[in-house]
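Okay, structure first, notes after.
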Amino acid sequence: MSSTSRFLCAPLRGVVVPLGEVPDPAFAQGALGPGVAIDPLGETLHAPCDGEVIQCARTAHALTLRDDHGHEWLLHIGIDTVDLGGEGFELLVATGERVAVGDPLCRFDVDGLARRAKALVTPIVMTNAPDLSLETLVTPGMIVDKGEALLQWQAPGPAAEAVGRSASSEASARGEATIAAAQGLHARPASRLRTLAHNHAVELRLARAEEAGEGRSDVDGASVASLSALLNLGLVQGDRVRVTARGAAAQAAVDAAITLLETPEHESGRADVSAEPTAAPAEASMPGTLNGLSASPGLAVGPLVRYRVALPSVADTANDPERERRALDAAVAEVDADLERSRRAAEARGQQAEADIFEAHRAWLDDPDLRAAAESKIVEGASAGRAWHLALETEIQRLRGSGNTLLAGRADDLHDLQRRVMQRFATQEAVATTGLEGAILAAREMTPSQFVEVAEQIAGLCLAGGGSTSHVSILARARGLPCLVAMGDALLEASGDRVCLDADQGRLELAPDERRLAAVEAEQARQRQRAEADLAAASEPVTMRDGRRLHVAANIAAGGEAQGALDAGADGIGLMRSEFLFLARQTAPDLAEQQAEYRAAVEAMAGRPVVVRLLDIGADKQLPYLALPATPNPALGERGARLWQSHPEMFDTQLDALLEAGRGLPVCEDGLTRLRLMVPMIADVGELRWVRRRLATRAAALGIERLPSLGAMVEVPTAALCAGSLAREAEFLSIGTNDLTQYALAMDREVASLAARSDVLHPGVLRLIALCLKGADGRCPVAVCGTAAGDPLAGALLAAMGVDELSVEPARVAAVKAMLRGLDAETLAAQLPALLALDDAAAVREALATVLATSAQAATPPSGDTTVADTTTRS
Ligand code: PEP
Ligand code: MG
């Protein structure tokens with residue numbers, strides 16, 4: 001590519017000073033770009049080139065010009081002159097004005113500034129080409145005259161120049177809009193404006209109409225490129241704003257921006273999840289209480305604490321600013337790529353609101369003001385990680401202290417970005433979040449790994465979103481930690497030094513009085529006593545009052561949890577969710593690692609059966625290293641065993657690991673192998689046959705003769721309907737009520753607003769289960785491993801319907817066993833036709849609770865959970 005020389009003239013008369021000698025590290029170390037400085041001998045700053053004024057500081061001490069080649073020049077009169085609040089400066093131009101070289105831009109009071117400013121030296125830097133090499137044409141220390149050639153550089157050839165020209169010579173447009181969004185201009189509409197500007201290839205700015213004023217429409221305001229600047233405008237519903245755009249599609253961009261700003265968010269089809277409730281609570285809350293769905297029963301009292309993810313440790317200082325700057329660029333680019341992946345995955349799952357949040361985070365990441373703040377910290381000697389921490393911390397504190405709940409809420413988003421970028425520079429993993437001992441933790445949502453990090457400390461968990469079958473709920477139940485979900489965003493504004501979480505009743509009481517606290521304490525003591533009694537008998541097998549035996553197994557996520565399950569009294573592992581070994585890491589576990597996990601589970605269970613579910617990836621369980629095809633309904637897309645075709649190597653490695661882990665083990669009493677394999681998302685027997693053939697091929701390759709027993713999960717309604725053919729081929733079936741309920745009711749288990757209605761006790765779901773049992777007809781055992789198995793009401797009903805095993809979270813094993821021992825399953829079975837004929841799930845719950853309470857009263861002594869009319873646990 002050919003190149004030509006370009007020049008910049010001196011904007012005022014004065015002594016030439018190298019940038020490195022400017023008494024401000026941000027300029028001196030080049031953080032703001034290459035350039036030179038002039039110690040003024042005149043009192044007017046002139047245009048050093050033809051171009052357009054694209055920014056004027058509110059305090060008039062600095063302005064930016066874009067020249068006709070697209071280069072942007074910051075002209076900054078004096079050092080720390082922002083502190084003068086505009087005193088001593090008179091701007092002679094406005095943003096958006098075109099100027100010719102030599103035009104006066106700003107007059108300043110040299111003598112006044114000399115007395116009050118730190119320095120008068122005036123840097124002239126090119127801000128949008130940090131790597132361009134500029135040559136100073138006047139020897140430092142010599143006087144340059146206004147208009148004399150000052151800087152020279154080599155410009156790229158004509159093609160590249162055209163880009164610069166189009167940015168500056170295109171039309172500009174402006175218009176006005178009234179903010180329609182009830183929540184004002186918050187991060188997500190702001191990020192949509194940024195996308196809009198990007199798509200139209202324009203520079204887009206917003207200003208308060210009253211401040212812009214007639215004839216000064218472009219003055220100040222904020223570029224949509226900077227989310228923090230936009231939010232700082234503090235625009236609320238009803239405010240008038242001036243919108244200006246510059247670029248070839250300026251008018252179209254302004255029109256689109258006005259439409260966006262004037263459309264209430266629900267009409268634009270993208271409601272703000274950060275402002276609207278994530279779920280309609282199960283029923284209206286009483287004053288001072290918030291309702292939710294019980295994801296894990298129990299009672300807890302403690303301070304309500306908002307969850308914040310711990311920050312990793314990073315180095316404080318570094319001595320090579322240029323290297324730190326590059327490292328920060330690279331880290332930001334990596335996080336940006338991660339966010340984009342998450343955005344696409346959310347979009348593929350059809351979760352647009354979640355995708356919008358990731359997009360808003362990307363916009364923050366790209367915010368030039370935040371980046372400039374971080375870079376100036378680097379110039380002052382901070383490491384890249386610390387600089388990012390400090391830059392965002394200032395903004396976080398400002399948002400938290402704003403007194404505006406909406407802005408304060410955005411502080412959490414920034415905190416998340418702070419952590420993500422710092423993670424790239426972590427000298428050690430995030431110090432575990434501390435200080436949560438005994439707290440009732442409140443969060444919008446949590447990932448399983450975030451939960452595990454704090455689970456030992458907290459007394460209870462409340463989530464604004466989530467559902468009772470989401471994975472954090474499963475983990476909370478596994479630990480016996482009281483947990484409510486789908487509480488709505490009111491939770492995030494709630495506070496209390498001593499709140500009461502009554503997860504049995506689905507209530508968070510924000511200000512319980514002394515009497516209530518005393519009653520809670522007595523109930524906790526009673527529950528503890530019962531739990532101890534249940535645990536004492538937990539290792540014994542279960543015989544129900546009608547004499548029938550039933551297995552109670554445990555659901556685990558890793559081999560290391562098996563010992564706890566055995567100690568809790570589990571008769572085996574009914575579901576090891578193997579995909580948990582694959583989540584929250586950058587690559588899939590290899591054969592040896594997997595084999596060790598599966599073997600650990602088998603060894604801990606000392607001869608009892610262990611059912612490992614083959615990888616169940618897709619829908620709500622995504623792997624960062626596995627890009628699944630985008631699809632509008634991921635829960636109905638390629639997931640579970642259906643992914644085998646596209647990712648055979650991952651499944652084959654898992655089969656090999658399982659075959660090796662089970663090699664040479666004796667069979668159990670029931671004639672099945674100790675280590676058993678279960679296939680998720682089976683729709684018909686053909687899929688199971690395919691897996692068996694694959695298993696046989698892998699076993700032959702490894703020289704293993706006895707194949708592990710193979711079962712199918714019944715999660716797809718067709719599997720329940722075709723249970724007869726499945727039971728002829730499978731050695732066992734296990735009903736996954738979480739997915740079966742979701743697919744039968746067409747209610748996404750991840751949608752918090754549907755959580756209250758997504759109930760396994762719906763008569764239609766129960767009929768599917770009844771058909772499954774009838775179809776299996778005793779040809780093979782049928783278990784239930786979904787959340788319903790541990791629900792006191794549903795578990796009892798499933799036992800009465802004739803299932804052979806309930807597999808529940810380890811912490812529920814003892815209570816479920818106690819409940820079953822007190823259950824007269826035969827009598828309850830007689831009620832089944834009446835229950836299945838009821839109208840809806842609520843009617844079934846109510847009738848079932850009455851039947852069980854009556855039957856428990858008749859029994860002596862009463863035992864188990866059946867006296868608790870739990871009306872909230874689902875699926
Ligand atoms: C189920 O769907 O009921 C089940 C046990 O599997 P998961 O919850 O892991 O999808
Ligand atoms: Mg499932």
Side-chain angles (χ1 to χ4, degrees), residues 295-296 349 447-448 466-478 485 552-558 561 565 572-584 610-623 634-643 676-683 687 711-720 732-751 755 758-762 765-766 768-769 772 782-791 794-795 798 803 805-810 812 816 873-875:
S296 175
R349 288 196 303 276
T447 64
S468 59
T469 59
S470 61
H471 289 104
V472 169
S473 300
I474 289 168
L475 293 175
R477 273 196 298 279
V485 297
V552 179
N555 296 347
I556 61 171
E561 292 174 20
I573 299 299
L575 168 65
M576 177 166 169
R577 288 182 162 96
S578 70
E579 61 278 1
F580 272 70
L581 308 175
F582 291 68
L583 298 170
V610 172
V611 176
V612 176
R613 173 176 65 193
L614 298 176
L615 258 180
D616 187 16
I617 294 300
D620 58 317
K621 288 174 250 175
Q622 300 281 334
L623 301 181
L636 304 180
E638 280 187 44
R639 55 167 301 192
R642 300 171 190 172
L643 280 175
R676 306 168 185 189
L677 275 51
M678 181 157 80
V679 193
M681 297 304 296
I682 286 290
E687 294 174 345
M713 284 195 80
V714 178
E715 303 174 284
V716 180
T718 52
F732 61 95
L733 299 180
S734 188
I735 306 177
T737 48
N738 303 337
D739 277 316
L740 186 63
T741 306
Q742 136 165 292
Y743 293 125
L745 292 174
M747 289 187 188
D748 191 329
R749 63 194 267 193
E750 295 299 314
V751 173
S758 182
D759 190 343
V760 69
L761 289 185
H762 189 290
V765 182
L766 294 177
L768 277 172
I769 295 172
C772 175
V782 181
V784 174
C785 62
T787 304
D791 173 343
L798 291 164
V803 304
E805 176 180 289
L806 295 177
S807 191
V808 303
E809 281 79 24
R812 295 286 303 148
V816 168
T873 312
R874 298 288 184 262
S875 297

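Start at 1 and go down the list; that is how both ligands and their atoms are numbered.
Note on the Mg ion (ligand 2): protein N, O or S atoms under 2.8 Å away count 2, no waters included.
Taking CG of L614 as the reference point, atom CZ of R577 lies at 14.5 Å (rounded to 0.5 Å). Expressed to the nearest 0.5 Å, how far CD of E561 lies from CD of E809 amounts to 10.5 Å.
Of the N and O atoms on the side chains of R477 and T787, at least one donor lies less than 3.5 Å from an acceptor on the other residue.
Put simply, the side chain of V716 does not reach to within 4.5 Å of the side chain of E687, judged on heavy atoms.
Panel note: side chain Y743, backbone L636; no donor-acceptor pair is recorded below 3.5 Å. A donor-acceptor contact shorter than 3.5 Å is absent between the side chain of T741 and the backbone of S758. With hydrogens and angles disregarded, a donor-acceptor distance shorter than 3.5 Å links the side chain of R642 to the backbone of G637. Side-chain atoms of E579 come within 3.5 Å of backbone atoms of D616 as a donor-acceptor pair (strictly under, hydrogens ignored).
For the side chain to side chain contact (heavy atoms under 4.5 Å, CB included) with T737, the lone residue among V784, D791, V765 that qualifies is V784.
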Enumerate the pairs of nitrogen or oxygen atoms, one from ligand 1 and one from the protein, separated by less than 3.5 angstrom; state names and distance to 0.1 Å.
from     : atom 1 : to   : atom 2 : distance (Å)
ligand 1 : 2 (O)  : E715 : OE2    : 3.1
ligand 1 : 2 (O)  : D739 : N      : 3.0
ligand 1 : 2 (O)  : D739 : OD2    : 3.1
ligand 1 : 3 (O)  : G736 : O      : 3.4
ligand 1 : 3 (O)  : T737 : N      : 3.1
ligand 1 : 3 (O)  : N738 : N      : 2.8
ligand 1 : 3 (O)  : N738 : ND2    : 3.3
ligand 1 : 6 (O)  : R613 : NH1    : 2.8
ligand 1 : 8 (O)  : R577 : NH2    : 3.0
ligand 1 : 8 (O)  : N738 : ND2    : 2.8
ligand 1 : 8 (O)  : R749 : NH2    : 2.8
ligand 1 : 9 (O)  : R577 : NE     : 2.7
ligand 1 : 9 (O)  : R577 : NH2    : 3.4
ligand 1 : 9 (O)  : R613 : NH1    : 3.2
ligand 1 : 9 (O)  : R613 : NH2    : 2.7
ligand 1 : 9 (O)  : K621 : NZ     : 3.1
ligand 1 : 10 (O) : D739 : OD2    : 3.1
ligand 1 : 10 (O) : R749 : NH1    : 2.9

